[in-house]
Amino acid sequence: MNKVIKHGLAAIVVAGMGILCSMFPAQSTYAQSTNANSFINEYKSDVKKASTKYNLYGSVMMAQAALESAWGQSQLTTEANNFFGIKGAYNGQSVSMPTTEYNSNGQMVNTTANFKKYPSAYASFADNGSTLRNGTSWNPRYYSGSWKENASSYVAAANALTGKYATAPNYGASLINLIQTYNLDQVFGETASSSSSSSSATATSSSSETSSSATTAPVAQKAPLASVKYYHSSGADQVPLSSKYKKYYVYNHIKGASHSEKKYTWQSLGVNNRVNVYLDMRGVKQGTSSSWYRLRFYQNTKAKKFWVYAPALSFAQTYYGSTSGRLTPNVKSAGKLYNHVVGTPTLAKSVTKLKSLKPKKAGYSVDKTALQSSSKGPILWYRVSDGKTKGWIKGSDVTSYPASVAIANAKATKVVAKSASSNLLYDRAVDNGNMQKHYKVAQTNLKIGTKVTVDKIGYKIQDHSTWYRITAPGSNNKYWVSAKCLS
């Protein structure tokens, strides 16, 4: 009975660039058992020779070759004897093929790259062995966990490659599954419990099978680490992933800031749709202005954390404006004062709990307001600036307000909707304490479908309605209109 091996995307290691890419799409099966056995029989002699030379587990090398080359069926293998998807040139020989990579900001891009072209299958196996034995430019022992003298079994050797040779968290498990399904340990005289105390192989990249340029590690030589300035927050910022989040990788560190950097696809982390994530830190690389954010998928602060580039997140639009007056915080609430509005790109750090504020008969002085967009309408914030008490407080944690309408600056283009014909326009903010002149659309130079410029947004405390101040085209006339009059 034929056996079937199921797998995800094959992780192809790209030497010379420190990038992992996918050279062929995931399939429901690799091949039927007959094709797998044919592959094993054809290359077991070469694998045994190469693995013995570098004192590695032949079963692991064979499993890697099968996984990376789709049992020898990948275009790269058939055209260039490249069983491991390694980039670069071998003795000056290479082939150019399309591939998917991730740039310095973790964004997925389609490109064409050169991959090593080997004169024989054995040369590819030997190059893989040389890579695992000689390590990287910054750490010759980078893959030492896969060496026979350090790994007590093929299981240990395969697991040692996870997160180093490939970032897929199940990479080692995939290799072990192949080994056990096709009895590769028996093919090479190994067992899961066997151990080897063989001395380290002394072969170098100057051997006849590999050139000096063929020793580049699968995870490539890395540039000097980036200097990063970090900004901590309270972890109260919760934002959704952006519509283009799948174009970006997830990292265990900010990209380029650590030699132990690992990459993950969203799918490998179980994320298949836009979800809300919790943020607790922002990082900015020296010489750049773009931010990276540390996230977790659960509210529990002990949940595992990852880093993503800013465009993978969707921060709510927040409008700010100057104001005056005084407010009374609800000192019985569980609210807090923050140094920034929560949910904005700067992230927010708690200043103090509202419960710790001393009640003031006249209230606390404020100097700014903010209106943050949401699916349920604007979220109101005020900045308290009263002596030593400074910080942003959410409108829902306020019991008395500095004005009946909160106003912030905005910049947008809207269109006069049909509903405007049955509503009024005002020359000042719709505030209960002021007198306003009102107009019908027919009394102005506005028409249904006219594009107008918005320069302010207002939020009426009493009925939670949203208003915009618009400028009529071809004039300096400004009117306040209800949000329902615009589209």
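All values reported here derive from a predicted model rather than from experimental measurement.
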Colleague: Side-chain donor-acceptor pair under 3.5 Å between Tyr171 and Gln64, yes or no?
Modeller: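 A pair is found: one side chain offers a donor N or O, the other an acceptor, under 3.5 Å apart.
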Colleague: To the closest 0.5 Å, what do you measure between NZ (Lys349) and NZ (Lys336)?
Modeller: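 Rounded to the nearest 0.5 Å, the NZ-NZ separation comes out at 13.0 Å.
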Colleague: What's the shortest heavy-atom distance between Ala157 and Val60, and which atoms?
Modeller: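 Closest pair (atom of Ala157, atom of Val60, distance): CB-CG2, 4.1 Å.
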Colleague: Just verifying a value: how many Å separate Asn170 CG and Leu175 CG, rounded to the nearest 0.5 Å?
Modeller: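 Rounded to the nearest 0.5 Å, the CG-CG separation comes to 9.5 Å.
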Colleague: When rounded to the nearest 0.5 angstrom, what distance separates CG in Leu380 from CD1 in Ile461?
Modeller: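 Spacing of CG (Leu380) from CD1 (Ile461) equals 5.0 Å.
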Colleague: Is the NZ or CZ atom of Lys164 both under 6.0 Å from the centre of the six-membered ring of Tyr143 and within 45° of that ring's axis?
Modeller: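 No, Lys164 does not sit over the ring of Tyr143.
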Colleague: Given side chain to side chain contact (heavy atoms under 4.5 Å, CB included), test Lys358 with Tyr364 step by step and report yes or no.
Modeller: CA-CA 10 Å; Lys358 295 180 179 180; Tyr364 285 82; 4.3 Å; yes
Colleague: Give, for atom OG of Ser314 and atom NZ of Lys244, the distance between the pair rounded to the nearest 0.5 Å.
Modeller: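 So the gap between those two atoms works out to 10.0 Å.
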Colleague: With Ser94, which residues qualify under side-chain hydrogen bond (donor to acceptor under 3.5 Å, both in side chains), at least two apart?
Modeller: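 Ser94 satisfies side-chain hydrogen bond (donor to acceptor under 3.5 Å, both in side chains) with no residue once adjacent residues are dropped.
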Colleague: Once ring pair (Phe, Tyr, Trp, His ring centres under 6.0 Å) is applied, do any residues pair with Tyr319, and if so which ones, sequence neighbours excluded?
Modeller: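 Partners of Tyr319 under the ring pair (Phe, Tyr, Trp, His ring centres under 6.0 Å) test: none.
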Colleague: Under the side chain to side chain contact (heavy atoms under 4.5 Å, CB included) criterion, do Gln462 and Tyr401 qualify, and how do the steps go?
Modeller: CA-CA 11 Å; Gln462 185 177 12; Tyr401 300 82; over 6 Å; no
Colleague: Pair Val341, Ile379 - check side chain to side chain contact (heavy atoms under 4.5 Å, CB included), show working.
Modeller: CA-CA 10 Å; Val341 174; Ile379 299 173; over 6 Å; no
Colleague: Supply the atom-to-atom distance His259 NE2 to Tyr142 OH, rounded to the nearest 0.5 angstrom.
Modeller: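 These two atoms lie 10.0 Å from each other.
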Colleague: Is Ile407 close to Val405 at the side-chain level, that is, under 4.5 Å between some pair of heavy atoms?
Modeller: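 Heavy-atom side-chain distance check passes, below 4.5 Å.
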Colleague: In terms of relative ring orientation, are Tyr245 and Trp266 parallel, tilted or perpendicular, with 30° and 60° separating the classes?
Modeller: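 Rings of Tyr245 and Trp266: perpendicular, over 60°.
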Colleague: Would you name the heavy atoms of Leu225 and Ser258 that are closest together and state the gap between them?
Modeller: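 Scanning both residues, the minimum pair turns out to be CD2-N, 3.5 Å.
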Colleague: My understanding is that only one of Phe306, Tyr251, Trp307 makes a ring-ring contact (aromatic ring centres under 6.0 Å, His included) with Trp292; could you say which?
Modeller: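 Between Trp292 and the candidates, ring-ring contact (aromatic ring centres under 6.0 Å, His included) is satisfied uniquely by Tyr251.
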Colleague: Taking the side chain as every heavy atom from C-beta outward, state whether Val452 and Pro473 have any atom pair closer than 4.5 Å.
Modeller: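 Yes; the side chains approach each other to less than 4.5 Å.
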Colleague: Are any non-hydrogen side-chain atoms of Leu132 and Leu161 less than 4.5 angstrom apart?
Modeller: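 Side-chain contact under 4.5 Å: yes.
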Colleague: Are Leu279 and Leu313 close enough that some pair of their side-chain heavy atoms sits under 4.5 Å apart?
Modeller: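 Sidechains of Leu313 and Leu279: in contact.
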Colleague: Classify the side-chain pair Thr344/Thr346 by whether it contains a donor and acceptor separated by less than 3.5 Å.
Modeller: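 Thr344 vs Thr346: donor-acceptor pair found between side chains.
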Colleague: Can Tyr293 and Phe315 be said to form a ring-ring contact (aromatic ring centres under 6.0 Å, His included), step by step?
Modeller: CA-CA 12 Å; Tyr293 293 91; Phe315 290 94; 5.1 Å; yes
Colleague: Taking the side chain as every heavy atom from C-beta outward, state whether Ser130 and Tyr54 have any pair of such atoms under 4.5 Å apart.
Modeller: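 A side-chain contact under 4.5 Å exists here.
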Colleague: Which pair of non-hydrogen atoms, one from Ala63 and one from Ile179, has the smallest distance, and what is that distance?
Modeller: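 Nearest pair, atom of Ala63 first, then Ile179: CB-CG1, 3.8 Å.
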Colleague: Roughly how far, to the nearest 0.5 Å, is NZ of Lys285 from OH of Tyr309?
Modeller: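 Rounded to the nearest 0.5 Å, the OH-NZ separation comes to 8.5 Å.
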Colleague: Atom CG of residue position Asp463 - does it have more than 12 heavy atoms of other residues, nucleotides or ligands inside 6.0 Å?
Modeller: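 Counting other residues, nucleotides and ligands, CG of Asp463 exceeds 12 neighbours.
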Colleague: May I ask you to check whether Tyr382 and Thr323 show a side-chain donor-acceptor distance below 3.5 Å?
Modeller: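 There is no such pair (donor and acceptor under 3.5 Å, judged by atom type) between the side chains of Tyr382 and Thr323.
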Colleague: Which pair of heavy atoms, one from Pro140 and one from Trp147, lies closest together, and at what distance?
Modeller: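 Residues Pro140 and Trp147, closest heavy atoms: O-CZ2, 4.1 Å.
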Colleague: Under the side-chain hydrogen bond (donor to acceptor under 3.5 Å, both in side chains) criterion, do Thr471 and Lys478 qualify, and how do the steps go?
Modeller: CA-CA 5 Å; Thr471 301; Lys478 296 180 184 294; 3.0 Å; yes
Colleague: Do any side-chain atoms of residues 298-305 form donor-acceptor pairs under 3.5 angstrom with protein atoms, and if so which ones, sequence neighbours left out?
Modeller:
unit_1 : atom_1 : unit_2 : atom_2 : d
Asn300 : OD1    : Lys302 : N      : 2.8
Lys305 : NZ     : Thr301 : O      : 2.6

Colleague: Quick one, Asn128 and Phe83 - any side-chain contact, counting heavy atoms below 4.5 Å?
Modeller: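 No, side chains not in contact.
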Colleague: Pair Val277, Val308 - check side chain to side chain contact (heavy atoms under 4.5 Å, CB included), show working.
Modeller: CA-CA 11 Å; Val277 295; Val308 293; over 6 Å; no
Colleague: Counting C-beta onward and ignoring hydrogens, is there a side-chain heavy-atom pair between Met61 and Phe84 closer than 4.5 Å?
Modeller: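 Met61 vs Phe84: side chains touch.
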Colleague: Apply salt bridge (Lys or Arg N to Asp or Glu O under 4.0 Å) to Lys360 and list each qualifying residue two or more places apart in sequence or on a separate chain.
Modeller: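 Only Asp386 meet the salt bridge (Lys or Arg N to Asp or Glu O under 4.0 Å) criterion with Lys360.
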Colleague: Applying ring pair (Phe, Tyr, Trp, His ring centres under 6.0 Å), name anything that partners Tyr231, two or more places apart in sequence or on another chain.
Modeller: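 Listed in chain order: nothing, the list is empty.
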Colleague: Under a 4.5 Å cut-off applied to non-hydrogen side-chain atoms, are His464 and Tyr459 in contact?
Modeller: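 Sidechains of Tyr459 and His464: in contact.
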Colleague: Over all heavy atoms of both residues, which pair between Asp397 and Ser333 is shortest? Give the atoms and the distance, please.
Modeller: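 Result for this residue pair: OD1-OG, 3.5 Å.
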Colleague: According to ring pair (Phe, Tyr, Trp, His ring centres under 6.0 Å), who are the partners of Tyr278, at least two apart in sequence or on a separate chain?
Modeller: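 For Tyr278, no residue satisfies ring pair (Phe, Tyr, Trp, His ring centres under 6.0 Å) once neighbours in sequence are set aside.
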Colleague: What pair of heavy atoms forms the shortest contact from Gly458 to Trp480, and how long is it?
Modeller: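 Nearest pair, atom of Gly458 first, then Trp480: N-CZ3, 3.7 Å.
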